[in-house]
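A short worksheet on the structure shown next.
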Amino acid sequence: MASIEDYKPGLAGVPAALSQVSHVDGLQGILEYRGIAIESLAQQSTFLETCFLLIWGYLPSLEELQDFEYEIRYHRRLKYRIRDMMKCFPESGHPMDALQSCAAALGLFYSRRALDDPEYIRAAVVRLLAKIPTMVAAFQMMRKGNDPIQPRDDLDYAANFLYMMNEREPDPRAAKIFDTCLILHAEHTMNASTFSARVTASTLTDPYGVVASAVGTLAGPLHGGANEEVIEMLDAIGSIDRVESYIDACIENKQKIMGFGHRVYKVKDPRAVILQGLAEQLFADYGDDRYYQIALAVEKAVEERLGGKGIYPNVDFYSGLVYRRLGIPSDLFTPVFAIARVGGWLAHWKEQLAENRIFRPTQIYTGEHACPYHSIQERKLTVGATSFAATNGKKL
Ligand code: CMC
């Protein structure tokens, strides 16, 4: 039987799977997908090629890549019933909730669970990678009261998403930068949403349920939402001369500085290094951004004060700046993260199926034993139905 000494809150440091999908070395700042450095992929690959690599474990031949891209291109459209369902969503709802509902709804249309059939697996991979961006962009259009923009078959993956969201074809350089951002967010070992995906996968449910559960997990502010808060922080700071006093006040009040620190990385996150380069490229091409100058001053101030504790920029520090400059509204930052992470979730889904055992951890029971059952008349100490609401269910 497990004892209290075995308990690790948040399963910190507990291996939950054997995986060949990705690797992180937090002290040296190394991230590899299938053994390939993230820097090489960011420079030389595309998002869809990276997804192929993550999911099938090797870099595709030209023909395999072209087939994969072709299939995804022609599965981008949503069924009209899904669009009709989305019309009923409240405009004020969070786009992550809309995305989770839509991902789960795909299971209604493609519910056959032939998990041992490679064709079924490939079709599910293609559908999810193809349709998730269309769902995010459609909700963005619909909440503004507009019809969704149909995907354009002549545009590649990243350019098509930006087109569906902004109603205009993006500059190819901006689309390339966005594609690189998707590569950087595609996978990151056993984080909360990936763990969630693997737990759901282990029950042998359909892949749409797997992705929907992962989207739900990514939605929380402790996981997917920090880049939105970085922009709010830069907004609150307002100008370079206020940076030092703002950071000092955060440290004094034991308030976390958004976009800094990481459970694994104790040096600057390699993704942050690449994203900073992309931000510089964007601002050089499309004009300066005063937020970037403030961000540089924040990085310097935090490094001077907290660098000794291993607190450096993480992936979220510069990604918000890049997305903002690409015209993506801040509450779509996490859905964009989800678009990218579908690649990693599907890789883990497939890996989990290959050697599946249903997740069934244990617990340390800390409650009481052998308690008497009191009849309703005897329950003097327990709150009754009327006072339950008033006390939020707590015992009086
Ligand atoms: N600002 C100031 N101090 C910090 C920060 C920060 N951002 N992050 C950690 N610390 C300090 C913390 O106060 C603690 O100090 P002390 O030992 O004196 O009490 C020490 O560093 C360890 O912090 P922790 O919270 O125990 O570290 P953790 O590994 O549990 O948390 C974290 C990692 C990412 C949750 C945390 O650094 C944080 O909340 N950062 C801000 C939010 C953020 O940027 N989140 C995005 C994470 S990256 C996303 C991804 O990879 O998927």
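For the numbers below, each heavy atom of this structure counts, side chains included, while hydrogens, waters and symmetry mates do not. For ligands, and for the atoms within them, numbers begin at 1 and follow the listed sequence.
- With a 4.0 Å heavy-atom cut-off, ligand 1 is reached by the backbone of Ile257 and by its side chain too.
- Distance check on atom 6 (C) of ligand 1: some protein heavy atom falls below the 4.0 Å cut-off.
- Of the protein's non-hydrogen atoms, Met258 SD, 3.8 Å is the one closest to atom 42 (C) of ligand 1.
- The shortest separation from a heavy atom of Leu306 to ligand 1 is under 4.0 Å, placing the residue in contact.
- Under 4.0 Å from ligand 1, heavy atoms of His262 appear from its side chain as well as its backbone.
- Nearest heavy atom pair, residue Lys8 against residue Val14, reads CG-CG2, 3.6 Å.
- What sits closest to atom 41 (C) of ligand 1 on the protein, heavy atoms only, is Phe260 O, 3.4 Å.
- At a heavy-atom cutoff of 4.0 Å, ligand 1 is contacted by the side chain of Arg271 but not by its backbone.
- At the top of the distance list for atom 47 (C) of ligand 1, counting protein heavy atoms only, stands Asn314 ND2, 3.6 Å.
- Any N or O atom pair closer than 3.5 Å counts here, and Ala226 shares no such pair with ligand 1.
- To the nearest 0.5 Å, atom CE of residue Met142 and atom CE of residue Met135 are 11.0 Å apart.
- In this structure the side chain of Asp316 never reaches within 4.5 angstrom of the side chain of Met258, judged on heavy atoms.
- Exactly one of Arg127, Arg76, Arg122 qualifies for a salt bridge (charged side-chain N to carboxylate O under 4.0 Å, His left out) with Glu71. That residue is Arg122.
- Between Phe195 and Trp345, the ring centre distance reaches or exceeds 6.0 Å.
- Nearest protein neighbour of atom 12 (C) of ligand 1, counting heavy atoms only, is Lys256 CE, 3.8 Å.
- At a heavy-atom distance under 4.0 Å, only side-chain atoms of Ile311, from C-beta outward, approach ligand 1.
- Comparing heavy-atom distances from atom 33 (C) of ligand 1 across Arg263, Gln255, His185, Arg341 singles out Arg263 as nearest.
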Trace of the side chain to side chain contact (heavy atoms under 4.5 Å, CB included) decision for Leu306 with Ile257
CA-CA 10 Å; Leu306 299 173; Ile257 301 147; 3.9 Å; yes
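- Ile36 CD1 to Leu53 CG: the interatomic distance, rounded to the nearest 0.5 Å, is 5.0 Å.
- Taking the centre and axis of the six-membered ring of Tyr286, the NZ or CZ atom of Arg325 falls outside the cone set by 45° and 6.0 Å.
- The presence of a protein heavy atom under 4.0 Å from atom 15 (O) of ligand 1 is confirmed.
- Lys309 NZ, 4.8 Å is the protein heavy atom nearest to atom 19 (O) of ligand 1.
- For atom 37 (O) of ligand 1, the choice among Gly261, Gly224, Pro221 with the nearest heavy atom turns out to be Gly261.
- Nearest protein neighbour of atom 46 (C) of ligand 1, counting heavy atoms only, is Asp316 OD2, 3.3 Å.
- Residue Gly259 approaches ligand 1 through these ligand atoms, each under 4.0 Å from one of its heavy atoms: 43 (C), 44 (O).
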